[in-house]
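In what follows, chains carry the letters A, B, and so on, assigned in the order in which the sequence lines appear, proteins first and then strands, with residues in each chain numbered from 1.
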Amino acid sequence: MSGEEKSAPSNFIRQIVDQDLASGKHSAIHTRFPPEPNGYLHIGHAKSIVLNFGIAEDYRGLCNLRFDDTNPQKENVEYVEAIQKDVRWLGYDWDGRLFFASDYFEQLYQFAVELIEKGKAFVCELDYERMRDYRGTLKEPGKNSPYRDRPIAENLDLFQRMRAGEFPDGARVLRARIDMASPNINLRDPVLYRIRHGVVHHQTGAAWCLYPMYDYTHPISDALEGITHSLCTLEFEDHRPFYDWVLDNISIGCHPRQIEFSRLNLEYTVMSKRKLTQLVSEGHVEGWDDPRMPTIAGLRRRGFTPAAIRDFCHRIGITKAENRVEMSVLENCIREDLDAQAPRRMAVLRPLKLVIENYPEGRIEALEVANHPKDEAQGMRKVTMGREIYIDRADFTEVAPNKQWKRLVTGGEVRLRGSYVIRCEAVVKDAQGEIIELRCSYDPATLNANPEGRKVKGVIHWVCAATGVRAEVRLYDRLFTHPTPDAVSGSDFTYLINPASLEVLTDCLVEAALAEATPETPFQFEREGYFTRDPKALGLVFNRTVTLRDSWAKLEQQP
RNA sequence: UGGGGCGUGGCCAAGUGGUUAAGGCACCGGAUUUUGAUUCCGGCAUUCGUAGGUUCGACUCCUACCGCCCCAGCCA
């Protein structure tokens, strides 16, 4: 791999952990990663995973994986399984501490009974509309529900009958009894339980028709698991008073501290689960693991490594500031990792036939070429050379466009990577005037040696016609044409999808050594970028993970 | 004057009263190079949203103002 993994930089949450350890508030740290199984994990989740599991790792603490499965209407097992797979792939292990909020349904119910007994919760019969009206607005206080002062015994009876299934969906709800005039809307008697008949929960089946709300479930789940630091994103900051209220009003001997940090936003992609789901369901992409998706599964299929993703999560930091990270940061992470480890190979994406006229007919040479320019341990491989080879169309032009051009040109010389120096003697065109073949000569004295009396600047890659293998190559570009597609409200953001986000090249020619490539093994196709074999396609198909940095492309833009 | 947050270079982000205001990405030079890659050197905020104030000294403390984000699901 790419050597030692850099340690995670500190951040304000780690500083709080340091203080809690130093003050003796805690002697051990326990975090948790709590996804809702209603979609695949994305790079934003990776930020949270690396934070939570990373802290546990560095402080020799524990991190649980817990599914926040309180809304059976949106959740399913496919996601439960995919999420576990992705967390493992990222390099983390919950050591058997896999939990579901639904594991706690009975306890949650009993705590609700306790709240009722203490006069801290009541059964409300207001319908959706009226409940909204009673809630007030951001600037005006709400009004007490007419059911708010129901006798405890009646609440107890009603709540038990809600569980027993005596009421239809929406007819009754259990609410906390806090303060309808609170300036914090989350404290205006929030709903604790709602009724949902006829849905089969992926974990509890049909055992319940009563489901707890996230705000009520989360603090209790955390406390039950002995979590010390409950890390979540900024939008839950307003909910923290309620998180604390729940734990302060039930008999539970643990009170985790909730700390909020900002979500990750990445340029040219979307991160909201709703939008990602829409991309999949409407067929804008091939699926959750489409290599253009910012999902863990997509990045994996694209050829990203867990180490690069972890590195990225470290580089972007943890703060409370809104942010929108540039793609180049992610790209730099994967390039850095792959440059160090990926064996080099040659692949011609847009083939142009080239015949070396003074090269003996029928002769095939096996040349030894280094697998890596700096890592000798990667050894050498055999690459065959013959009279007919293919080079990339972009590496030849009849007349050099400028003095900086260092590829092949009519009458000019260029080095074939790991092979000889050749000179273009003539160009063959078809009836339409399109170049279909190059006639060249080679200098036999230039194998592993520089030519005498002249210097050849350019080096291009090539593939032997006799042994090269056909392959399909998929080139990916950013999924959106706009840096902040998330800023577009509603569901019409799809018009910002980049029509050129996927380019499929079906006539590529790759060196023979690539025929047995396996998925998730990275290769650098010299002068092109990093590629890995697609795990789903039937034939020999490669996905481009990322291009090489290309300072020539920048020069070309200029006059 | 509803409540809760945030504002350090193009993008992230250190900094927690005494420093020349870290680092990464990006960008701009230049060297090396059988990948226009990598690597290597060098450059890149007299200034920390703005304006005042406290202090011998402020990005760090105080005040006011400005800007941006979140909250009125029986979603999470």
Report the distance from atom CZ of A:Arg324 to atom C1' of B:C68, rounded to the nearest whole Å. 14 Å
A:Arg335 to A:Tyr530 six-membered ring, cation-pi geometry met (6.0 Å, 45°): no
Within the pair A:Thr319 and B:A13, is there a side-chain N or O less than 4.0 Å away from OP1 or OP2? yes
Which comes earlier along RNA chain B counting from the 5' end, the contact point of A:Ser10 or that of A:Arg415, where each point is its nearest nucleotide? A:Ser10
Rounded off to whole Å, could you give me the CD1-to-P distance for the A:Ile16 and B:U16 pair? 16 Å
Hey, what do you get for CD1 (A:Ile13) to CG (A:Leu231), rounding to the nearest 0.5 Å? 4.5 Å
For the pair made of CD1 in A:Ile422 and C1' in B:U34, what is the distance, rounded to whole Å? 13 Å
I'd like the P distance from B:G53 over to B:G9, given in whole Å. 25 Å
Can you tell me the distance, in whole Å, between the CD atom of A:Glu331 and the C1' atom of B:C11? 13 Å
How long is the line joining CZ of A:Arg344 and P of B:U34, in whole Å? 16 Å
Nearest whole Å is fine: how far is B:U35 P from A:His461 NE2? 13 Å
May I ask you to verify if any side-chain N or O of A:Ser182 is less than 4.0 angstrom from the OP1 or OP2 atom of B:G3? no
Can you tell me how far P in B:C40 sits from the matching atom in B:C25, rounded to whole Å? 11 Å
Could you run through nucleotides 70-76 of chain B and give me one letter per nucleotide, 5' to 3': B if any protein heavy atom sits under 4.0 Å from the base, S if only the sugar-phosphate is that close, - if neither? BBBSBBB
Taking the inter-plane angle between the rings of A:Phe105 and A:Tyr211 on a 0 to 90° scale, is it parallel (under 30°), tilted (30 to 60°) or perpendicular (over 60°)? perpendicular
Shortest non-hydrogen pair, A:Gln258 vs A:Glu260, comes out as NE2-OE2, 3.0 Å
Which part of the nucleic acid does A:Gly418 contact within heavy-atom distance under 4.0 Å: base, sugar-phosphate only, or nothing? base
Classify the ring geometry of A:Tyr214 against A:His218: parallel below 30°, tilted from 30° to 60°, perpendicular beyond 60°. tilted
Which part of the nucleic acid, if any, lies within reach of A:Asn448 when heavy atoms closer than 4.0 Å are counted: base, sugar-phosphate only, or nothing? base
In this structure, how many angstroms lie between the C1' atom of B:G23 and the CD1 atom of A:Ile316, rounded? 15 Å
Just to confirm, is there a sub-4.0 Å distance from OP1 or OP2 of B:G4 to any side-chain nitrogen or oxygen of A:Gln258? no
Between atom CD in A:Gln404 and atom P in B:G36, what is the gap in whole Å? 14 Å
Taking the six-membered ring of A:Phe99 (Phe, Tyr or Trp), confirm whether the NZ or CZ of A:Arg66 is under 6.0 Å from its centre and within 45° of its axis. no
For RNA chain B, the expected dot-bracket line (Watson-Crick or G-U under 3.5 Å, [ ] crossing, | inter-strand) is .(((((((.[[[..)..(....]]].(((((.......))))).....[[[[[..)....]]]]])))))).....
Pick one for B:G57: is it syn, with its angle within 90° of 0, or anti? anti
